[in-house]
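Working notes, beginning with the structure itself.
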Amino acid sequence: GESVGLHLPTLSVQEGDNSIINCAYSNSASDYFIWYKQESGKGPQFIIDIRSNMDKRQGQRVTVLLNKTVKHLSLQIAATQPGDSAVYFCAENSGGSNYKLTFGKGTLLTVNP
Amino acid sequence: DTAVSQTPKYLVTQMGNDKSIKCEQNLGHDTMYWYKQDSKKFLKIMFSYNNKELIINETVPNRFSPKSPDKAHLNLHINSLELGDSAVYFCASSPSDRAGGFKFFGPGTRLTVL
């Protein structure tokens, strides 16, 4: 399958469970963070973003939490569905850059029916 | 009605050849990018153009030459292709006032160098 040889962190959940995907970012000067979802064979797709003046932001079934003290970001997906299966990336605006996004390693989420 | 489109979707070629990948966005954005995704899914920015002007060049070998004929297009030309160039290349765009983050990505071009 696609995951062979990728060495990505993986998370496997049952349909209907909540999922939490974690990310450590690198630059304490970054002030804007985004979660992207990448399905097999497609480009990354925006899910939710958060600015550094917030510690929590909610969307539809997704919540992003930001802990600037430990440079940690998490994405919570409620009632995970098979269609949520994808690779999830966190990204930071590289020390406050107006143009450059630095992506994290990615986590492969597999939802079992 | 595709927002960011790339051609071709797949590109298989021999080492030493020269190839181009094209990108177009119909979102009216001022800023466009090329990202490279390796076999481990790691995504790294290569270039960024704002209103046809190069603003980011991330120590990419000079065999890679981006060209932006207008702000809706950003093409990537690669000379003397090497095995290590095999990857998926993504074009992206964003509005200038949100260029620091929110990007729309194209579907990717999978380049395989034999």
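Letters go in sequence order (proteins before strands), and every chain restarts at 1.
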| field | Option that, when pairs with chain B are counted at under 4.5 Å, heavy atom only, ranks first among Pro44(A), Gly106(A), Gly104(A), Ala91(A) | value | Pro44(A)

| request: Check the angle between the aromatic planes of Phe103(A) and Tyr35(B) and answer parallel, tilted or perpendicular using the 30° and 60° thresholds. | output: perpendicular

| query | Side chain, backbone, both or neither: which part of Phe104(B) has a non-hydrogen atom closer than 4.5 Å to chain A? | reply | neither

| query | Do other residues, nucleotides or ligands put more than 12 heavy atoms under 6.0 Å from Lys9(B) NZ? | reply | yes

| field | Which portion of Phe33(A) sits near chain B, non-hydrogen atoms under 4.5 angstrom | value | neither

| Centre of Tyr33(B)'s six-membered ring, under 6.0 Å away, within 45 degrees of the axis: is that where NZ or CZ of Lys103(B) sits? | yes

| By a 4.5 Å heavy-atom criterion (distance strictly below it), what part of Gln38(A) contacts chain B: side chain, backbone, both, or neither? | side chain

| query | Are Arg110(B) and Tyr10(B) in a cation-pi setup, meaning NZ or CZ lies under 6.0 angstrom from the ring centre and within 45 degrees of the ring axis? | reply | no

| Proximity breakdown for Glu58(B) and chain A, heavy-atom pairs closer than 4.5 Å | side chain

| Heavy-atom contact with chain A under 4.5 Å, split by part of Leu43(B) | both

| message | I want to know whether Phe105(B) and Phe46(A) have ring centres closer than 6.0 Å. | response | no

